[in-house]
S.K.: 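Mind looking over this structure? Questions follow.
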Protein chains: 4
Amino acid sequence: MRADARRNRDRVLEAARAVFAERGASASTEEIAAKAGVGIGTVFRHFPTKEVLLEAILLDRVAKISAEARRLTTAPDPGAALLALVKHMVEQGATKRMYINALADAGLDSLGSRVGQSTVGREMVDELGALLARAQVAGAIRHDIGVTELIALVVGVSRAAEYTAWDGGVLARTLEVVIDGLRARG
Amino acid sequence: MRADARRNRDRVLEAARAVFAERGASASTEEIAAKAGVGIGTVFRHFPTKEVLLEAILLDRVAKISAEARRLTTAPDPGAALLALVKHMVEQGATKRMYINALADAGLDSLGSRVGQSTVGREMVDELGALLARAQVAGAIRHDIGVTELIALVVGVSRAAEYTAWDGGVLARTLEVVIDGLRARG
Amino acid sequence: MRADARRNRDRVLEAARAVFAERGASASTEEIAAKAGVGIGTVFRHFPTKEVLLEAILLDRVAKISAEARRLTTAPDPGAALLALVKHMVEQGATKRMYINALADAGLDSLGSRVGQSTVGREMVDELGALLARAQVAGAIRHDIGVTELIALVVGVSRAAEYTAWDGGVLARTLEVVIDGLRARG
Amino acid sequence: MRADARRNRDRVLEAARAVFAERGASASTEEIAAKAGVGIGTVFRHFPTKEVLLEAILLDRVAKISAEARRLTTAPDPGAALLALVKHMVEQGATKRMYINALADAGLDSLGSRVGQSTVGREMVDELGALLARAQVAGAIRHDIGVTELIALVVGVSRAAEYTAWDGGVLARTLEVVIDGLRARG
DNA sequence: AATGAATGAGGGTTCATTCAT
DNA sequence: CATGAATGAACCCTCATTCAT
C-alpha cells in the first residue's frame, strides 16, 4: 500500500475512533471525514461501508485485549492478573463506548454480531477463558461463572461509566464491588 | 384539558414506551403515532419535541422506582429489601434500554441530564439513598459505597444485558456476582 | 385523499412524465420535485421509491393503450383499425421514450419487467392480441406474426424515432414500410 | 506513440466494448479499467472523457459497417445484398446497444451527434446510400425511401430487440416484416 | 383539537475526473 | 507513462418538525 494511502487510512481510523467514541455509532461519516481532513470519498475508498469502518475499529480493540490476555497467561499469580486485566479493560474503555461494544459483541455468537463471529473475536474469548480458568484453578476466582459472565461484568461497569460526569472515584468504587464479587469466598 | 385530549396523550405515551423499548431511542415518531392510532400531528401537539416525549417516559419510570423504594423503607429486613429491589430493577430494565437510561441520568447532576435535574429524579435518588443507608446500618451492605455507586451497578448490569442474546442464565449469574460484591464482609 | 395531496400527487406525476420523457429513467428525483414545485419529501411520500414512480407512469400509459384497443375491437374494418392504432401509438410515443418502454416491457414476461407482470400490462397485451386476431381473420394482416411481433415493431419504430432530429417525414415513411410489411400479401 | 501505450489503448478499447455492450453506457469507468487490466488513470490518459471513449468505440463500429457496405457495392444482386446487410446489422447489433446507437447517430446531422458529424460517419451514410440506390435501380427496393429511413428501420428493429428476453424467433419474424416492407411491390 | 401532507436538512453511497507518487 | 488514491458533486432516501385542511 502506498505511503499516502496508508497515512490517510490511519487518519480516518483515528478520527473514526474519536468520533464514534464521542457520539456513538450513529455519528455521521461526513464528520469523520472532516475530522480526518480527507474527502468523504476517501473514507469510502478505504472502508466501503460505514459498518466495515466500525468493525475495523472494534476488531483492532479486541485484538489488543487478546494480546494482553495472552501475555498474562504465564503470570505467576493468575487471580491477580485477571483482576488487573479487568480493571485495565474497564479503565481503558471507560470513555470509549465503541471499545466496549466490541467486547460485548465478542461475547456473542448470535447473528448480527460480526465481531463475535470473527476470528480475532473468538481468539479473544479463548484467551480470556484460559486466563479465567487458571485463576479459578488457583482458587482466586469463584467457580460458578464463565467467560461470558466475565465479559458481561466488564461491559456492564464500562457502560455504566460511559457518562463521563461520573468521576473517577465512582468508577473505582463500582469496580471494587464487582471485583470483590468475583473473588472466591473463603 | 379535554377528555379526548387526555386520552390521546396517554395513548401516545403508552405507544412510545413500547416502541422505544423495542427499537431504542432512534425509533421514528411516525411509528409511535401509528401504534398509538393517532396522527403524527397529535404526537407533536402533546410533546413538542421527540426529546420531550422521551423525557416524559423516563420521568414516569423513575417515579415508579421512587415509589417502590419508598414502600420498602419500612421493610423489616432492609438489606434483603435493597438487594431484591436491585434484582427487580435489573430484571425489569434488562430488555428496556430507555428505562435504564432514565436511571443513569437520574444518578447524574451534570448538565445535559434533564432527568437528573428534575424533581422526580432527585426524589428517586433520595429514596434509594435512604434505603441504602438503612441497609448499611443493618450491616447487610458494605459501607464504602453510596447511592451513585449503587445506581451505577444497576445501570451497568442492565446495559450489559441489553444484548438480548445473552440468555437469562448469564444475567442471573452476573447479577449474583454484583450482589455478592455489595454485601458486607463477615 | 385530501384535495391538496391529490393535487400535489398529480403535479408530481405530470412533472415525472415530462422529465423522464426528456432525460430518460436516469433523471434525478430532485429535478422532478423542482419541476413539480414541491419538496423532495413530497415526491417520496407519494411514491416511496423512484421505481414506483416510474411504474406508475408506465402503467398509466399502458392502460390508455389498452382502453383504445378495446374501443377498436368492434370497429367495422379491423385491419384498418389495427394499422391506425399502430400509427397512433408510434406517433404518440415518438418523443416519449418512457411510454415506449412501458410497451416494450408489457411484451415481456421476464423477471424484471414489472409492467409485463402487472394486470394492466397483461390486459393490454390481450386487447392488442384480440384486435390483431380479428384483423388477421379479416385477411388484412399476415398470419405469421403474433402480438409480440406487433409490439416489437411499434417499439422498434418508436425507438428509432426517439431522436427528435429525425423530422416527421422520416417517421412517416419508416412507419409506412412497416405497415406495408404487416399487410397480408395478395 | 510508444508500443506499450498503443497496447494499453487497444486493451482499454476492447474492454470498453465488452463492458458497454453488457452493461450499457452507464457502466463505470472503473470496471472497464479492471477488465482491461490497467489503472483507471491509464483509461483517462488515452480517453480524456468517458464520452470520448464511447465515441471511439462507436466510430470503430461505424467504420466496419462502412467497409462492408463498400465491399457489397459490386455485388451482382444489389437488392439481395442490401437486405442481407440489413439482416446482418440487426443480428449483430441485437445484443449490443452501443453499436446501434452509433448507427442511429450516424443517421443524424443534428447537433449533439458527434458520430453524425464525423468523417467516418458521413462515409458510412454515403456507402449505405450508394448500395441502396443500386438496389432501387435494380428494382428490388421501393423508391420512396432514402438512407435515413433505411437506417431508422435497422435501428428500430435492433432497439426493439434489445430486450434479450425476446427470443430469436421474434426477432427473425419482426425483421421479416420489415424486409418485406422494404421490397418493391410487383 | 386532530390530522396527515409538506418540507428539507442530513445520511450513506457512487463515480467521473484529477493529481501525487 | 502508469498507477490508483483523493475528491466532491450528485443520487436516493429518511425523518423530525411545521402547517394547511
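So you know, we letter chains A, B, ... as the sequences are listed, proteins then strands, and number each from 1.
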S.K.: Tell me the interatomic distance from B/Arg45, atom CZ, to F/dT21, atom C1', rounded to whole angstroms.
M.R.: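 Checked: the CZ to C1' distance equals 14 Å.
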
S.K.: Within the pair A/Thr29 and E/dG12, is there a side-chain N or O less than 4.0 Å away from OP1 or OP2?
M.R.: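 Yes, because at least one side-chain N or O of A/Thr29 sits under 4.0 Å from OP1 or OP2 of E/dG12.
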
S.K.: Are the side chain of A/Lys50 and the backbone of A/Ala27 linked by a donor-acceptor contact shorter than 3.5 Å?
M.R.: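 Looks like yes, one N/O pair under 3.5 Å.
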
S.K.: C/Ser28 near the nucleic acid: base, sugar-phosphate alone, or nothing, with a heavy-atom cut-off under 4.0 Å?
M.R.: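 Sugar-phosphate contact only - C/Ser28 comes under 4.0 Å of backbone atoms but never of a base.
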
S.K.: Distance check needed: E/dT21 P versus A/Arg6 CZ, whole Å only.
M.R.: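 So the two atoms are 17 Å apart, to the nearest Å.
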
S.K.: Between F/dA10 atom P and C/Ile32 atom CD1, what is the distance in whole Å?
M.R.: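 So the two atoms are 17 Å apart, to the nearest Å.
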
S.K.: Distance-only, no hydrogens or angles: does the D/Ser118 side chain make a donor-acceptor pair with backbone N or O of D/Gly121 under 3.5 Å?
M.R.: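 Confirmed, D/Ser118 side chain pairs with D/Gly121 backbone.
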
S.K.: Mapping D/Ile40 and A/Ile40 onto DNA chain F by nearest heavy atom, which one lands closer to the 5' end?
M.R.: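 Between the two, 5'-proximity favours D/Ile40.
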
S.K.: Please confirm whether the shortest side-chain N or O distance from A/Thr42 to OP1 or OP2 of F/dT7 is below 4.0 Å.
M.R.: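 Yes, such a contact exists.
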
S.K.: Using heavy-atom distances to pick each residue's nearest nucleotide on DNA chain F, tell me which of A/Val43 and C/Ser26 is more 5'.
M.R.: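 In this pair, the answer is A/Val43.
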
S.K.: By nearest heavy atom, map B/Val38 and A/Asp4 onto DNA chain E; which one lands nearer the 5' end?
M.R.: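 Final value for this comparison: B/Val38.
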
S.K.: Roughly, in whole Å, what's the span from CZ in C/Phe44 to C1' in E/dT7?
M.R.: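 From C/Phe44 CZ to E/dT7 C1': 14 Å.
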
S.K.: Output the rounded distance in Å from NZ (A/Lys50) to C1' (F/dT14).
M.R.: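 Between C1' of F/dT14 and NZ of A/Lys50: 14 Å.
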
S.K.: Please name the pair of heavy atoms, one in C/Ala33 and one in C/Ile40, separated by the smallest distance, quoted to 0.1 Å.
M.R.: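 Heavy-atom minimum between the residues: CB-CA, 3.9 Å.
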
S.K.: State which residue, out of D/Arg7, D/Arg6, D/Arg2, fulfils the side chain to side chain donor-acceptor pair (under 3.5 Å) condition with D/Asp4.
M.R.: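 Result: among D/Arg7, D/Arg6, D/Arg2, D/Arg2 is the only option passing the side chain to side chain donor-acceptor pair (under 3.5 Å) with D/Asp4.
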
S.K.: Quick one: pull up CD1 in D/Ile32 and CZ in D/Phe47 and give me the separation to the nearest 0.5 Å.
M.R.: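 Reported value, rounded in 0.5 Å steps: 10.0 Å.
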
S.K.: What's the spacing between A/Leu53 CG and A/Phe20 CZ if we round to 0.5 Å?
M.R.: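 Here the interatomic distance stands at 5.0 Å.
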
S.K.: Can you tell me how far the CG atom of C/Leu58 sits from the CZ atom of C/Arg61, to the nearest 0.5 Å?
M.R.: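 The distance works out to 9.0 Å.
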
S.K.: Assuming nearest nucleotide by heavy-atom distance, tell me which of B/Gly37 and C/Arg7 is located more 5' along DNA chain E.
M.R.: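 Final value for this comparison: B/Gly37.
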
S.K.: Quick one: C/His46 NE2 to F/dT14 P, roughly how many Å, whole number?
M.R.: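 In whole Å, F/dT14 P and C/His46 NE2 are 15 Å from each other.
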
S.K.: When all nucleic acid strands are considered with a 4.0 Å heavy-atom cut-off, which category describes A/Ala27: base, sugar-phosphate, or nothing?
M.R.: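 Here A/Ala27 touches the backbone only, sparing every base.
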
S.K.: Given atom CZ of B/Arg11 and atom P of E/dA1, what is their separation to the nearest angstrom?
M.R.: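 Checked: the CZ to P distance equals 17 Å.
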
S.K.: Please determine if a side-chain N or O atom of C/Asn8 lies less than 4.0 Å away from the OP1 or OP2 oxygen of E/dA5.
M.R.: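 For C/Asn8, the contact criterion (side-chain N or O under 4.0 Å from OP1 or OP2 of E/dA5) is not met.
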
S.K.: Whole angstrom is fine here: how far is it from CD in C/Glu30 over to C1' in E/dA6?
M.R.: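 Spelled out: CD on C/Glu30 to C1' on E/dA6 is 15 Å.
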
S.K.: Dot-bracket for DNA chain E, 5' to 3', counting Watson-Crick or G-U wobble pairs under 3.5 Å, with [ ] for crossing pairs and | for inter-strand pairs?
M.R.: .||||||||||||||||||||

